[in-house]
S.K.: 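Would you mind keeping the following structure in view while I ask a few things?
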Amino acid sequence: MIGFLTTFGLPLGFIVLAMITGTILERRHFRDIERREKALRHVPVLTTRQYPDAVRVLEARMVSGAVVVSIDHFKRFLAMLRNVFGGEVRSYCSLLDRGRREAILRMKEQWPQAELIVNLRIETSSISQGRRKTIGSTEVLAYGTAIRYADIPRE
Amino acid sequence: MILTNVDHIPGKRIIEHYGLVSGSTVRAKHVGRDLMASLKNIVGGELKGYTELLQDSRRQAVERMVVQAEELGANAVVNVRFSTSSVAQGAAEIYAYGTAVRTED
């Protein structure tokens with residue numbers, strides 16, 4: 001009985017614990033992201049290199065933001081099951097969404113006075129977990145050129 | 001030193017090109033950070049130790065690139081790109097490259 005508990009109960013307990021805390025933490029993170037996104041909505045981010053020709057540019061500089069995020073054990077377990085049946089792995093989708101939005105926010109927060117960010121580039125790389133080589137965590141880097149206009153009336 | 005990742009400097013005119021400059025660094029994670037990261041892996045979320053590590057190495061790569069540009073007499077680097085590749089297990093190379101230019105002041 002005790003043997004059974006330690007071989008199956010312990011990993012199962014870990015997964016349940018990870019599911020509860022992981023879900024709470026993720027929800028809190030998404031709420032935080034949404035709040036900060038609202039605060040920085042006035043800074044448009046473009047993936048093109050163009051900016052309005054008519055305005056005079058006061059200053060331009062490169063800004064970047066990066067984050068490493070990982071998913072919890074429960075979602076990793078779900079993804080493992082997904083490997084059997086195939087299809088979209090939703091648990092990884094939310095991980096990458098979290099990472100990208102956080103990286104873009106950090107990039108914007110590096111220079112909040114900017115009026116526009118052009119040529120946004122996003123790079124994603126996975127960090128392997130050594131021997132098992134499972135993709136559990138990912139690094140997202142967002143960078144672009146922030147521009148501040150010279151003669152725009154500021155409120 | 002002005003850095004941009006577009007092929008010009010918004011609001012300024014480029015008067016001279018010096019060609020490619022680059023900087024790189026290879027970093028390994030250390031055991032303490034690894035341990036913390038594996039604990040954090042259970043519940044998921046941001047792995048702050050790794051974020052800092054990668055930020056530090058990226059900063060160093062950029063610094064090396066800037067030093068190279070200064071030696072050439074440039075005062076800006078345009079079209080800066082980053083690339084990350086894992087060299088060996090537990091070590092990553094971070095590479096920054098761009099074109100050194102001189103702008104009118």
Side-chain angles (χ1 to χ4, degrees), chain A residues 14-15 17-26 28-29 48-51 55-76 95 98-99 102 106 116 118-121 123 125-131 136-137 139 141 143-150, chain B residues 1-13 27-29 31 33-59 61-62 65-66 76-86 88-96 98 103:
Chain A
F14 253 138
I15 284 172
L17 181 88
M19 183 181 86
I20 297 165
T21 43
T23 312
I24 293 171
L25 286 178
E26 193 184 64
R28 196 185 290 162
H29 191 196
T48 56
R49 287 158 183 230
Q50 276 83 34
Y51 54 91
V55 294
R56 272 198 317 125
V57 174
L58 181 72
E59 203 187 338
R61 62 164 90 149
M62 209 167 101
V63 286
S64 68
V67 66
V68 179
V69 279
S70 86
I71 54 167
D72 58 65
H73 261 25
F74 175 66
K75 287 193 163 178
R76 202 167 288 138
L95 171 80
R98 238 170 122 180
E102 179 70 41
R106 285 186 185 179
L116 177 72
V118 293
N119 205 18
L120 169 77
R121 291 287 175 269
E123 243 184 60
S125 49
S126 71
I127 293 171
S128 76
Q129 279 305 111
R131 301 169 302 282
S137 47
E139 197 228 353
L141 165 71
Y143 58 106
T145 303
I147 293 174
R148 203 165 145 78
Y149 301 142
Chain B
M1 184 67 68
I2 305 167
L3 302 177
T4 72
N5 77 335
V6 287
D7 49 19
H8 59 284
I9 300 162
K12 287 203 163 108
R13 219 163 51 85
R27 289 285 183 100
K29 49 194 182 164
V31 185
R33 267 182 178 151
D34 230 19
L35 190 74
M36 283 307 289
S38 61
L39 284 180
K40 194 69 204 279
N41 246 334
I42 296 169
V43 292
E46 188 186 350
L47 309 175
K48 289 222 174 67
Y50 284 172
T51 305
E52 273 165 29
L53 178 77
L54 285 157
Q55 282 287 70
D56 280 353
S57 17
R58 202 162 284 129
R59 199 173 303 127
V62 169
M65 179 182 77
V66 165
V77 181
V78 296
N79 230 342
V80 176
R81 304 274 162 85
F82 290 112
S83 99
T84 315
S85 52
S86 60
Q89 193 161 69
E93 193 215 10
I94 298 198
Y95 185 57
T103 63

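We use all heavy atoms of the structure for the numbers below, so side chains are in, but hydrogens, waters and symmetry mates are not.
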S.K.: Grab the two heavy atoms, one from B:Phe82 and one from A:Tyr143, that are nearest each other, plus how far apart they are.
M.R.: N-OH, 3.3 Å
S.K.: Under 3.5 Å, which donor-acceptor pairs link side chains of residues 18-26 of chain A to any protein atom two or more places apart or in another chain?
M.R.:
unit_1: A:Thr21; atom_1: OG1; unit_2: A:Leu17; atom_2: O; d: 2.7
unit_1: A:Thr23; atom_1: OG1; unit_2: A:Met19; atom_2: O; d: 2.4
unit_1: A:Glu26; atom_1: OE1; unit_2: A:Lys75; atom_2: NZ; d: 3.0
unit_1: A:Glu26; atom_1: OE2; unit_2: A:Lys75; atom_2: NZ; d: 2.9
unit_1: A:Glu26; atom_1: OE2; unit_2: A:Ser94; atom_2: OG; d: 3.0

S.K.: What do the steps show when you test B:Leu47 against A:Val69 for side-chain contact (heavy atoms from CB on, under 4.5 Å), and what is the final call?
M.R.: CA-CA 6 Å; B:Leu47 309 175; A:Val69 279; over 6 Å; no
S.K.: So, taking the atom named CZ in A:Arg49 and the one named NE2 in B:His8, what distance separates them when rounded to the nearest 0.5 Å?
M.R.: 8.5 Å
S.K.: For the candidates A:Met62, A:Glu123, A:Arg121, which exhibits the highest count of non-hydrogen atom pairs separated by less than 4.5 Å from chain B?
M.R.: A:Met62
S.K.: In the structure I gave you, are the side-chain heavy atoms of A:Glu139 and B:Leu54 within less than 4.5 Å of one another anywhere?
M.R.: yes
S.K.: Quick one: CD1 on A:Ile147 to OG1 on B:Thr4, what's the gap to the nearest 0.5 Å?
M.R.: 9.0 Å
S.K.: Once you round to the nearest 0.5 Å, how far does CD of B:Glu46 lie from NE2 of A:His29?
M.R.: 7.0 Å
S.K.: Less than 4.5 Å to any heavy atom of chain A: does that hold for the side chain of B:Ile2, its backbone, both, or neither?
M.R.: side chain
S.K.: Between B:Arg58 and chain A, which part of the residue has a heavy atom less than 4.5 Å away: side chain, backbone, both or neither?
M.R.: side chain
S.K.: Please look at B:Gln55 and chain A and tell me whether the side chain, the backbone, both or neither of the residue comes under 4.5 angstrom of a heavy atom of that chain.
M.R.: side chain
S.K.: Of the listed residues (B:Gly49, B:Ser85, B:Ala76, B:Gly11), which shares the most heavy-atom pairs with chain A below a 4.5 Å separation?
M.R.: B:Gly11
S.K.: Donor-acceptor check, side chain of A:Thr145 to backbone of B:Asn5, threshold 3.5 angstrom: yes or no?
M.R.: yes
S.K.: Can you tell me if B:Thr51 uses its side chain to pair, donor with acceptor, with the backbone of A:Val67 under 3.5 Å?
M.R.: no
S.K.: Can you sort out the partners of A:Arg28 under side-chain hydrogen bond (donor to acceptor under 3.5 Å, both in side chains), two or more places apart, ordered by chain and number?
M.R.: none
S.K.: Take A:Val68 and B:Lys48, measure what side-chain contact (heavy atoms from CB on, under 4.5 Å) needs, and give me the verdict at the end.
M.R.: CA-CA 7 Å; A:Val68 179; B:Lys48 289 222 174 67; over 6 Å; no
S.K.: Which one of A:Arg56, A:His73, A:Glu59 has the most heavy-atom pairs closer than 4.5 Å to chain B?
M.R.: A:His73
